There are 2 protein chains.
Amino acid sequence: MAEEKKAKKRDAEATKARILQAAKREFAKHGLGGARVDEIADRAQANKRMIYHYFGGKEDLFRIVLEEAYLGIRSAEKKLDLDALPPSEALESLVRFTWNYYLKNPEFITLVNSENLHRAKHIKTLPSLPNAMRGLVGMVENILKRGEDSGEFRKGIDAAQLNITIAAIGYYYLTNRYTGSFLFERNLMEKEALEDRLAFNVETILRLVRS
Amino acid sequence: MAEEKKAKKRDAEATKARILQAAKREFAKHGLGGARVDEIADRAQANKRMIYHYFGGKEDLFRIVLEEAYLGIRSAEKKLDLDALPPSEALESLVRFTWNYYLKNPEFITLVNSENLHRAKHIKTLPSLPNAMRGLVGMVENILKRGEDSGEFRKGIDAAQLNITIAAIGYYYLTNRYTGSFLFERNLMEKEALEDRLAFNVETILRLVRS
DNA sequence: CACTTAATGCACTAACCAGTTACTTCTTTA
DNA sequence: TAAAGAAGTAACTGGTTAGTGCATTAAGTG
């Protein structure tokens with residue numbers, strides 16, 4: 001095996017990675033329709049031809065970017081090890097994690113929005129994703145069951161609905177940060193505003209599940 | 001005053017209205033970037049020239065469509081007369097109204113998403129909007145105050161946060177209907193699923209505010 | 001009915017953009 | 001080291017699209 005060389009003149013893997021990185025950024029910034037293939041190539045310091053060589057076309061590239069985005073958040077969620085925490089704390093951790101992930105990976109939200117504008121047509125060919133999602137719902141089901149057993153939580157809560165709500169209360173605030181800041185006449189992205197919102201969200205979820 | 005004639009050959013107001021209607025549809029379907037001016041003109045049974053004549057350009061048209069969308073939902077909210085209801089019922093009504101409005105006016109969500117992709121740059125020139133929003137927050141503040149006084153609601157709930165949460169739990173579910181249906185492996189838009197979600201949302205909000 | 005003003009239609013253009021063709025340069029390995 | 005194939009480049013193409021110049025036609029007015 002050849003050693004890794006820093007200034008390699010040719011490196012397919014590195015070029016692919018740079019293209020994906022640049023594509024994630026460009027798609028997140030302008031959506032699928034507004035993204036420019038030339039801009040992705042420039043920013044990746046690659047030739048446009050390489051995009052077609054490695055990925056097929058603009059929409060194929062978008063598909064891979066989406067897959068990475070979904071698998072990325074799922075893989076981070078898996079590392080949480082919520083089963084080691086008491087139910088309330090586990091749920092609170094998940095709310096905090098979800099919020100912070102959206103905050104630190106704002107492109108995730110924009111990519112999902114763009115994919116919904118296109119009626120999920122790109123991810124529909126990625127069978128790994130529903131599979132990954134089952135894991136998330138299972139995780140929350142587990143927490144709910146433990147909470148029920150200990151009497152902390154009430155019975156009959158739908159894990160999928162709870163999951164959706166945990167995502168919703170963070171996602172909505174952040175995806176609408178621009179119109180929201182203007183309409184509510186305050187900077188929703190200020191440190192204090194963000195802390196307030198997270199605290200409010202934790203409260204919302206805990207009140208929703210407690211007996 | 002001339003009488004309204006059905007088959008008027010020239011009618012500026014009617015043409016403007018048809019263009020706005022077609023534009024709302026096209027912008028909602030494809031976003032600002034993906035929308036086609038020719039398509040708007042065709043669907044409005046107007047000549048493309050008219051769009052530039054009446055509205056200035058594509059982005060100006062988008063601005064007016066957004067303004068109408070925001071004023072539309074606010075004007076519907078105003079008609080709710082929530083002050084006539086007991087606090088809990090008033091809040092429940094608002095949750096149901098918000099959900100149903102999004103459901104019946106899906107273009108509202110897509111337009112807002114598109115505007116956030118563009119960092120709210122179009123609505124920023126519309127000073128009527130923050131003004132209209134103050135009314136909404138005021139409405140919720142009123143309900144909260146009445147609930148506090150009667151002992152039904154706990155104290156110290158932020159009206160803006162509650163507003164955001166009421167919107168969020170409906171908006172997120174509906175804007176992500178396509179990816180959601182695929183990832184959760186169920187049709188989120190089925191009648192029963194919609195009813196379940198609305199019931200869950202009412203529960204979420206009432207549990208959040210009750211003492 | 002003239003005459004003015006506003007509404008409408010058509011055909012064009014300048015810019016843009018996804019995708020391709022034809023080529024050069026580097027790397028690997030037999 | 002020579003051949004083969006992979007990585008990379010630049011210039012181009014065909015189609016699309018926002019926006020316009022100019023002519024035409026209808027409606028309102030004195």
Side-chain angles (χ1 to χ4, degrees), chain A residues 1-27 29-66 114 117-118 121-122, chain B residues 1-27 29-66 114 117-118 121-122:
Chain A
M1 296 289 169
E3 271 174 30
E4 291 297 328
K5 287 164 195 171
K6 270 186 185 173
K8 241 182 189 173
K9 284 206 176 141
R10 301 208 160 182
D11 187 333
E13 288 311 310
T15 304
K16 269 192 203 176
R18 284 202 316 279
I19 290 173
L20 274 175
Q21 174 65 26
K24 183 166 79 176
R25 181 192 164 119
E26 176 74 2
F27 285 133
K29 209 167 177 180
H30 304 288
L32 171 59
R36 296 294 160 244
V37 176
D38 286 288
E39 179 63 27
I40 294 171
D42 281 0
R43 206 166 263 285
Q45 290 172 278
N47 191 280
K48 180 164 58 157
R49 192 68 189 76
M50 293 293 95
I51 292 174
Y52 293 91
H53 187 246
Y54 290 128
F55 297 98
K58 189 183 180 182
E59 300 215 7
D60 301 287
L61 181 55
F62 186 63
R63 180 177 294 111
I64 305 300
V65 167
L66 277 172
S114 196
L117 188 62
H118 292 92
K121 82 175 217 196
H122 305 95
Chain B
M1 297 288 172
E3 272 175 30
E4 291 297 327
K5 287 164 194 167
K6 271 188 184 172
K8 239 181 191 175
K9 285 208 174 140
R10 301 205 162 185
D11 186 334
E13 289 312 308
T15 304
K16 271 191 201 177
R18 284 202 317 279
I19 290 173
L20 274 175
Q21 175 64 27
K24 183 166 78 175
R25 182 193 163 118
E26 176 76 2
F27 286 132
K29 209 167 177 181
H30 304 289
L32 170 58
R36 297 292 161 244
V37 176
D38 286 291
E39 179 64 28
I40 294 171
D42 282 359
R43 205 166 265 284
Q45 290 171 278
N47 191 281
K48 181 165 58 155
R49 197 73 191 73
M50 293 294 93
I51 292 173
Y52 293 91
H53 188 245
Y54 289 129
F55 298 98
K58 189 183 181 183
E59 300 213 9
D60 301 286
L61 181 55
F62 186 63
R63 181 177 292 111
I64 305 300
V65 167
L66 277 171
S114 195
L117 187 63
H118 295 275
K121 81 175 217 197
H122 305 94

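On a predicted model such as this, the values are computed, not experimentally measured, just so you know. Proteins get letters first, then strands, A, B, ... in listed order; numbering begins at 1 in each.
Of the residues in residues 30-44 of chain A, not one comes within less than 4.0 Å of DNA chain D through any heavy atom.
The main-chain N or O of A/F55 is never found under 3.5 Å from a side-chain atom of A/K16 such that the two would form a donor-acceptor pair. Remark: the backbone N or O of A/G34 is not paired with any side-chain donor or acceptor of A/K29 at under 3.5 angstrom. A donor-acceptor pair is defined here as one N or O able to donate and one able to accept, closer than 3.5 Å; such a pair exists between the side chain of A/E26 and the backbone of A/R36.
Taking side-chain N and O atoms only, A/T15 has a distance below 4.0 Å to OP1 or OP2 of D/dG8. Side-chain nitrogen and oxygen atoms of A/Y52 include none within less than 4.0 Å of the OP1 or OP2 phosphate oxygen of C/dT21.
One interatomic measurement links the two molecules: CD of B/E13 to P of C/dA6, which rounds to 14 Å at whole-angstrom precision. In this structure, the CZ atom of B/R49 is 13 Å from the C1' atom of C/dA6, given to the nearest Å. In this structure, the CG atom of A/L61 is 17 Å from the P atom of C/dC17, given to the nearest Å.
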Could you walk me through whether B/F27 and B/L61 pass the side-chain contact (heavy atoms from CB on, under 4.5 Å) check? CA-CA 10 Å; B/F27 286 132; B/L61 181 55; 4.0 Å; yes

Give the C-alpha distance, both sets of side-chain angles, the deciding distance and a yes or no for side-chain contact (heavy atoms from CB on, under 4.5 Å) between B/K58 and B/L32. CA-CA 8 Å; B/K58 189 183 181 183; B/L32 170 58; 4.2 Å; yes

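Put simply, the residue from A/I40, A/D38, A/D42 that forms a side chain to side chain contact (heavy atoms under 4.5 Å, CB included) with A/K48 is A/D38.
A/K48 contributes a side-chain N or O that forms a donor-acceptor pair with the base of C/dG19 under 3.5 Å.
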